[in-house]
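Below is one structure; the comments refer to it alone.
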Amino acid sequence: MTPGERAFIDEKNKLKTQAIDIEGATAWKEGYFYFKDETLGKILQDISNWYDLKVSIVGNLPKGLYSGSMDRNSKLNGVLKMLANVGNLDFILNGNHLTVKQKNK
């Protein structure tokens, strides 16, 4: 193995190696969120886990893949404002319950 690879056992019990995204694998340790070609659903899941939120999605989230990074110590309001702009979303925060829906066009 070389740096930037992971080892795993495939379905035929063979040892294989695969290149990994080092920045994505270590971002949590460095104190930031890192998203590369992720859906809004996955991004919201990571954010809800970090901020201990229960998320309800009304309707459908916009399709597409998003990339970016942000400090894990950012205030929740700032994170939601950024996501609202990027994903054309509205958020309603009530305690630790976050409701997410697309903005009306």
Side-chain angles (χ1 to χ4, degrees):
M1 278 181 47
T2 60
E5 290 184 330
R6 74 176 183 110
F8 65 97
I9 305 293
D10 71 6
E11 61 279 351
K12 296 179 183 175
N13 276 344
K14 302 253 186 211
L15 180 63
K16 301 278 185 170
T17 60
Q18 179 182 48
I20 62 166
D21 177 4
I22 294 173
E23 189 171 10
T26 60
W28 65 272
K29 181 177 71 84
E30 301 299 326
Y32 64 97
F33 293 105
Y34 173 79
F35 303 108
K36 184 174 180 183
D37 298 329
E38 297 287 354
T39 64
L40 281 174
K42 171 69 167 98
I43 293 169
L44 286 169
Q45 180 182 23
D46 286 358
I47 290 182
S48 71
N49 289 340
W50 182 254
Y51 290 98
D52 192 27
L53 300 171
K54 294 178 183 168
V55 176
S56 298
I57 298 171
V58 177
N60 296 314
L61 293 175
K63 302 279 186 223
L65 300 176
Y66 300 84
S67 299
S69 63
M70 68 183 124
D71 189 323
R72 283 185 179 262
N73 295 315
S74 298
K75 294 192 183 289
L76 177 59
N77 287 339
V79 172
L80 295 180
K81 185 174 182 177
M82 185 271 309
L83 286 174
N85 290 330
V86 168
N88 196 34
L89 300 171
D90 276 331
F91 296 99
I92 301 168
L93 184 61
N94 186 5
N96 74 331
H97 186 258
L98 180 68
T99 303
V100 183
K101 64 180 183 174
Q102 273 193 284
K103 288 182 182 176
N104 294 329
K105 297 181 181 187

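Counting from 1, the numbers follow the sequence of the chain as shown.
The NZ atom of Lys14 lies 13.0 Å from the CZ atom of Phe8; values are rounded to the nearest 0.5 Å. Between Lys81 atom NZ and Lys75 atom NZ the span is 14.5 Å, to the nearest 0.5 Å. A distance of 8.0 Å separates CD1 in Ile20 from CZ in Arg6, rounded to the nearest 0.5 Å.
Leu65 has its side chain within reach of Thr39: a pair of non-hydrogen atoms, C-beta onward, lies under 4.5 Å apart. The side-chain heavy atoms of Leu53 and Leu93, taken from C-beta on, include a pair separated by under 4.5 Å. Within the 4.5 Å cutoff, side-chain heavy atoms of Ile47 are placed close to those of Leu83.
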Applying side-chain contact (heavy atoms from CB on, under 4.5 Å) to Asp90 and Val58, what does each step give before you reach the verdict?
CA-CA 10 Å; Asp90 276 331; Val58 177; over 6 Å; no
What do the steps show when you test Leu89 against Leu40 for side-chain contact (heavy atoms from CB on, under 4.5 Å), and what is the final call?
CA-CA 10 Å; Leu89 300 171; Leu40 281 174; 4.2 Å; yes
For Tyr51 and Val79, run side-chain contact (heavy atoms from CB on, under 4.5 Å): C-alpha distance rounded to whole Å, both residues' side-chain angles, the deciding distance at 0.1 Å, then the answer.
CA-CA 10 Å; Tyr51 290 98; Val79 172; 3.5 Å; yes
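A chain of hydrophobic side-chain contacts below 4.5 Å, direct or via other Ile, Leu, Val, Met, Phe, Trp or Tyr residues, connects Leu44 to Leu76.
A distance-only check finds no donor-acceptor pair linking the side chain of Ser48 to the backbone of Lys54 [under 3.5 Å].
Taking both residues in full, the closest heavy atoms of Pro62 and Gly87 are given as CG-O, 3.2 Å, listed atom of the first, atom of the second, then distance. Shown here for Arg72 and Trp50, the closest heavy-atom pair between the two residues is O-NE1, 2.7 Å. Across every non-hydrogen atom of Phe91 and Leu80, the tightest pair is CE1-O, 3.3 Å. The two residues Leu61 and Ile57 have their closest heavy-atom pair at CD1-CD1, 3.7 Å. Minimum interatomic distance between Lys36 and Ser67 (heavy atoms only, all atoms of both residues): CA-OG, 3.5 Å.
Ring orientation note: the planes of Phe35 and Phe33 are close to parallel, at an angle under 30° on the 30°/60° scale.
Open room surrounds CG on Asn94; 12 or fewer heavy atoms of other groups in view lie less than 6.0 Å from it.
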